[in-house]
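Convention: sequence-line order gives letters A, B, ...; per-chain numbering from 1.
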Amino acid sequence: MNLMPRPLPFSFYLQDTVSLARALLGQVLCRRTAEGLTAGIIVETEAYLSQDDPACHASRGMTRRNAPMFGPPGRAYVYFIYGNHYCFNVTSGAEGVGEAVLVRALQPLEGVELMLRRRGEAVNLVDLANGPGKLCRALSIDTALNGHDLRKDPLWIAAGRLAHFEVVSAPRIGITQATEKLLRFYIKDNNYVSRRASIERNPGTGD
DNA sequence: GGGAAGATGTTCT
DNA sequence: GAACATCTTCCCT
């Protein structure tokens, strides 16, 4: 993995948000800065929907913060939380419909040394980007990238080359509303997922 | 202008 | 497993 992988096309983002959250698993999030290239395989996501989802930032209409969620799909929605952390989302849904997919964890792929330097505290690969705040730190993602088109340098998503894998659905993490919805998705048995669910369900069966 | 909550991470028990 | 640091955003007065 040395060459810069090509970005996924705009058409990739033209699927419903839940499908996109699952489709993003296994794809590669790439970030270039003056320091170098860093990239990781997306292994965990969460869907935030416009309908019947009070946990979604867009559930009470558009504000200055969540404006990118109402823009075109395939853009970055980055916000600052808890005084310390950034969270990176991929906007989804048609323009005007506030939805997005939160990227929660990456399996480091490229630029590991640089990511280690940025994280500092992390002592091993597993802890490098296994959480939304951690991955933003590792890839140097902040609100300067809010609204950025994810087909373009210096932050883009490229097609991954993972072999077949199973997807698990589970409740979302860190929210206080709509906690029963199974809108978190991750790659089964992947060590870089932030937290495994006590009951691992297959999203295809509707269990 | 003020207050409360928050899609977290770390540290301590 | 629970507490808490930290500060921006949003909503209300």
Side-chain angles (χ1 to χ4, degrees), chain A residues 16-18 20-22 24-25 29 40 42-71 73 75-93 97-108 115-148 150 155 157 167-187 191-199 203:
Chain A
D16 69 86
T17 298
V18 170
L20 181 64
R22 295 175 55 178
L24 281 167
L25 297 175
L29 180 61
I42 297 171
V43 299
E44 179 179 353
T45 61
E46 286 180 358
Y48 286 87
L49 308 177
S50 60
Q51 295 298 313
D52 191 33
D53 186 7
C56 179
H57 284 176
S59 64
R60 286 172 209 158
M62 186 164 71
T63 64
R64 194 163 76 246
R65 177 173 76 157
N66 67 21
M69 296 182 78
F70 291 88
R75 304 292 183 94
Y77 166 43
V78 183
Y79 64 89
F80 189 69
I81 190 74
Y82 294 124
N84 288 316
H85 312 291
Y86 294 100
C87 289
F88 168 74
N89 299 250
V90 178
T91 63
S92 59
V97 177
E99 300 196 337
V101 175
L102 171 70
V103 176
R104 286 194 54 90
L106 301 178
Q107 176 178 333
M115 287 192 258
L116 281 169
R117 217 180 312 149
R118 288 174 178 152
R119 288 275 292 126
E121 318 85 26
V123 291
N124 56 45
L125 274 185
V126 167
D127 291 326
L128 209 46
N130 61 345
K134 293 178 185 178
L135 77 86
C136 284
R137 185 71 173 271
L139 266 56
S140 193
I141 294 172
D142 62 27
T143 50
L145 290 162
N146 205 18
H148 173 77
L150 293 172
L155 178 68
I157 298 175
V167 175
V168 173
S169 68
R172 293 172 293 184
I173 291 181
I175 57 174
T176 58
Q177 301 176 81
T179 55
E180 78 289 351
K181 292 179 184 294
L182 302 178
L183 292 175
R184 182 165 73 105
F185 304 97
Y186 62 85
I187 295 179
N191 291 329
Y192 300 90
V193 168
S194 70
R195 181 166 177 253
R196 294 179 62 160
S198 53
I199 303 173

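When only modelled atom types and interatomic distance are considered, A:Ser50 and A:Glu99 share a side-chain donor-acceptor pair under 3.5 Å.
With rounding to whole Å, A:Asn146 atom CG is found 15 Å from B:dA7 atom C1'. Counting to the nearest Å, the P atom of B:dT8 and the CZ atom of A:Arg119 are 14 Å from each other. Following rounding to the nearest Å, A:Leu135 (CG) and B:dG9 (C1') show an atom-to-atom distance of 13 Å. At whole-Å resolution of the value, OH in A:Tyr48 and P in B:dA7 are 7 Å apart. If you take CG of A:Asp127 and P of B:dG9, they are 11 Å apart, rounded to a whole angstrom. Whole-Å rounding puts the A:Glu46 CD to B:dG6 P distance at 15 Å. In this structure, A:Leu128 atom CG and B:dG9 atom P are separated by 13 Å, rounded to whole Å. In this structure, A:Arg172 places its CZ atom 16 Å from C1' of B:dT8, rounding to the nearest Å.
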When the side chains of residues 75-85 of chain A are checked against the rest of the protein, which donor-acceptor pairs come out under 3.5 Å, sequence neighbours left out?
from    : atom 1 : to       : atom 2 : distance (Å)
A:Arg75 : NH1    : A:Gly147 : O      : 3.4
A:Tyr77 : OH     : A:His57  : ND1    : 2.8

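Counting only heavy atoms from C-beta outward, the side chains of A:Leu125 and A:Leu116 never approach each other to under 4.5 Å.
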For nucleotides 6-13 of chain C, give me one character per nucleotide, 5' to 3': B if any protein heavy atom sits under 4.0 Å from the base, S if the only such contacts are to the sugar-phosphate, - if neither. BBSSS---
Does A:Tyr48 form a side-chain contact (heavy atoms from CB on, under 4.5 Å) with A:Asn66? I'd like the steps, not just the answer. CA-CA 12 Å; A:Tyr48 286 87; A:Asn66 67 21; over 6 Å; no
Residue pair A:Thr143, A:Tyr86: steps toward the side-chain contact (heavy atoms from CB on, under 4.5 Å) verdict: CA-CA 8 Å; A:Thr143 50; A:Tyr86 294 100; 3.8 Å; yes
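In secondary-structure terms, DNA chain C builds stems of at least 3 consecutive Watson-Crick or G-U pairs, each pair having both distances under 3.5 Å, at B:1-6 with C:7-12, B:8-12 with C:1-5.
The local environment of CZ in A:Arg195 is sparse, with at most 12 non-hydrogen atoms from other residues, nucleotides or ligands closer than 6.0 Å.
Side chain of A:His57, nearest nucleotide from B:dA7, B:dG6, B:dT8: B:dA7. Of the listed nucleotides (B:dA7, B:dG9, B:dG6), B:dA7 has the atom at the smallest distance from the side chain of A:Met69.
Both A:Thr176 and A:Gly133 sit near DNA chain B, but only A:Thr176 has its closest nucleotide nearer the 5' end.
Counting only residues at least two apart or on different chains, the side chain to side chain donor-acceptor pair (under 3.5 Å) pairs with a member in residues 173-184 of chain A are A:Glu44-A:Arg184, A:Asp52-A:Lys181.
Taking A:Asn191 as the reference, nothing meets the side chain to side chain donor-acceptor pair (under 3.5 Å) condition, with sequence neighbours excluded. The side chain to side chain donor-acceptor pair (under 3.5 Å) test applied to A:Arg196 returns A:Glu200, not counting sequence neighbours.
A:Arg184 has no side-chain polar atom (N or O) that falls below the 4.0 Å cut-off from OP1 or OP2 of B:dA7.
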